[in-house]
Number of protein chains: 2
Amino acid sequence: MRLSARTQYALRAAVELAAAPSGPVPADRISIAQRIPRRFLDNILLQLRRAGLINSQRGPDGGYWLARPAAEISLADIILVIEGVAQEHERFPGVSEPLEKVLGALREHQDNLLAEITLAHVAGGSLPDLSR
Amino acid sequence: MRLSARTQYALRAAVELAAAPSGPVPADRISIAQRIPRRFLDNILLQLRRAGLINSQRGPDGGYWLARPAAEISLADIILVIEGVAQEHERFPGVSEPLEKVLGALREHQDNLLAEITLAHVAGGSLPDLSR
DNA sequence: CCTGATTCCTACTAAATAAGTCGGGTTATC
DNA sequence: GATAACCCGACTTATTTAGTAGGAATCAGG
């Protein structure tokens with residue numbers, strides 16, 4: 001489970017939005033609360049907005065907010081936007097072929113869990129059962 | 001579950017050794033069977049030997065073989081040697097803190113599974129239950 | 001003791017990715 | 001029109017990845 005700094009920042013920013021009372025949250029607030037370099041954060045928020053996960057408003061009292069309820073945005077949604085879709089790996093020849101099944105199972109378990117957990121879970125601090 | 005080409009090659013080479021009848025297997029055989037660039041494979045096998053996972057013998061009829069029974073070498077053993085020990089990630093501040101638990105749970109599940117599956121499982125084509 | 005097969009070892013390189021930074025443009029409110 | 005905010009593409013720097021190069025050392029058989 002290796003996530004790039006960019007992806008981790010995106011998740012943290014999104015959780016910050018989920019936790020905020022309704023209304024626009026300026027990037028500065030997120031940057032400070034989550035200790036994310038300001039210009040880098042801009043960049044990331046832009047990507048999230050283009051993907052339709054968040055909305056934005058310019059000018060004084062502008063900022064960002066979630067485009068959907070926090071309970072309807074999963075961690076997988078965000079990761080997918082930032083990391084893009086993973087291209088499939090090459091085949092494993094001969095006796096190593098069963099390795100594909102192992103790696104596939106790991107990926108699948110991971111995807112399932114990340115698709116289940118929403119920003120509401122995280123921001124509310126009440127996570128579903130993680131032990132499966 | 002992102003594994004570098006180097007790590008995948010290491011796993012595949014190890015499985016190839018596990019599947020071979022006893023006696024040294026020359027790097028050339030592995031290289032061809034698993035379609036791994038020869039010089040790169042040398043490099044990887046060297047690393048596995050230095051870590052004590054495999055043994056080697058030079059000269060005609062030389063080659064490589066597992067240092068322990070295939071049932072006693074897990075995929076995690078090999079991955080650990082190649083990728084090194086993962087340093088811990090930074091803390092997630094404020095409301096994003098629960099994300100740590102999520103990522104930790106994923107990592108743990110993954111580590112457990114990889115520690116359970118051995119080269120014997122893979123080479124024999126009979127994997128334990130992957131659905132947990 | 002020579003030849004060929006094989007591993008051993010360090011160093012190098014090219015390409016891709018990651019992690020930001022920069023400079024300015026645009027929009028909205030007062 | 002000043003100020004607060006987002007918008008956007010391009011750029012930079014460091015690290016990692018995926019190998020490659022060039023040979024040295026070792027071993028068996030003839």
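What you see is a predicted model; the values in this text were computed from it and never measured. No hydrogens, no waters, no symmetry mates; every other heavy atom, side chains included, goes into these values. Below, chains carry the letters A, B, ... as their sequence lines are ordered, and counting in each starts from 1.
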[X] atom [atom1], neighbour heavy-atom count above 12 within 6.0 Å:
X	atom1	result
B:Glu108	CD	no
B:Asp61	CG	no
A:Arg29	CZ	no
A:Arg35	CZ	no

- Bend across the helix from C:dC1-D:dG30 to C:dC30-D:dG1, to 10°, with axes taken over 5 pairs at each end? 10°
For DNA chain D, the residues among [range] that have a non-hydrogen atom under 4.0 Å from it:
range	value
residues 56-64 of chain B	B:Gln57, B:Arg58, B:Gly59, B:Pro60
residues 18-27 of chain B	none
residues 31-46 of chain B	B:Pro37, B:Arg39, B:Phe40, B:Asn43
residues 2-13 of chain B	B:Arg2, B:Ser4, B:Ala5, B:Arg6, B:Tyr9

- Tell me whether B:Val122 is reachable from B:Val81 by hopping between hydrophobic residues (I, L, V, M, F, W, Y) whose side-chain heavy atoms are closer than 4.5 Å. yes
Give a yes or no on whether the backbone of [Y] and the side-chain of [X] come within a donor-acceptor separation of less than 3.5 Å.
X	Y	result
A:Ser31	A:Ile36	yes
B:Gln8	B:Leu3	yes
A:Arg12	A:Gln34	yes
A:Arg49	A:Ile54	no
B:Gln57	B:Pro24	no
B:Asp77	B:Ser74	yes
A:Glu100	A:Phe92	yes

- Query: Is the shortest distance from a Lys or Arg side-chain nitrogen in A:Arg38 or A:Asp42 to a carboxylate oxygen in the other one below 4.0 Å?
  - Reply: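 Answer for the salt bridge query: yes.
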- Starting from the C-alpha separation in whole Å, work towards a yes-or-no answer on side-chain hydrogen bond (donor to acceptor under 3.5 Å, both in side chains) for B:Ser96 and A:Glu16. CA-CA 7 Å; B:Ser96 72; A:Glu16 196 70 28; 5.9 Å; no
- Message: Reading DNA chain D in the 5' to 3' direction, which nucleotide is the first one with an atom under 4.0 Å from a heavy atom of chain B, and which is the last?
- Response: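 Answer, 5' to 3': D:dA18 to D:dA28.
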- Item | A:Thr118-A:Glu72 side chain donor-acceptor pair, cut-off 3.5 Å | no
- With the side chain counted from C-beta on, respond yes when A:Leu66 and A:Leu53 share a heavy-atom pair under 4.5 Å apart, and no when they do not. no
- Do A:Arg6 and A:Phe40 meet the cation-pi criteria used here (NZ or CZ under 6.0 Å from the six-membered ring centre, within 45° of the axis)? no
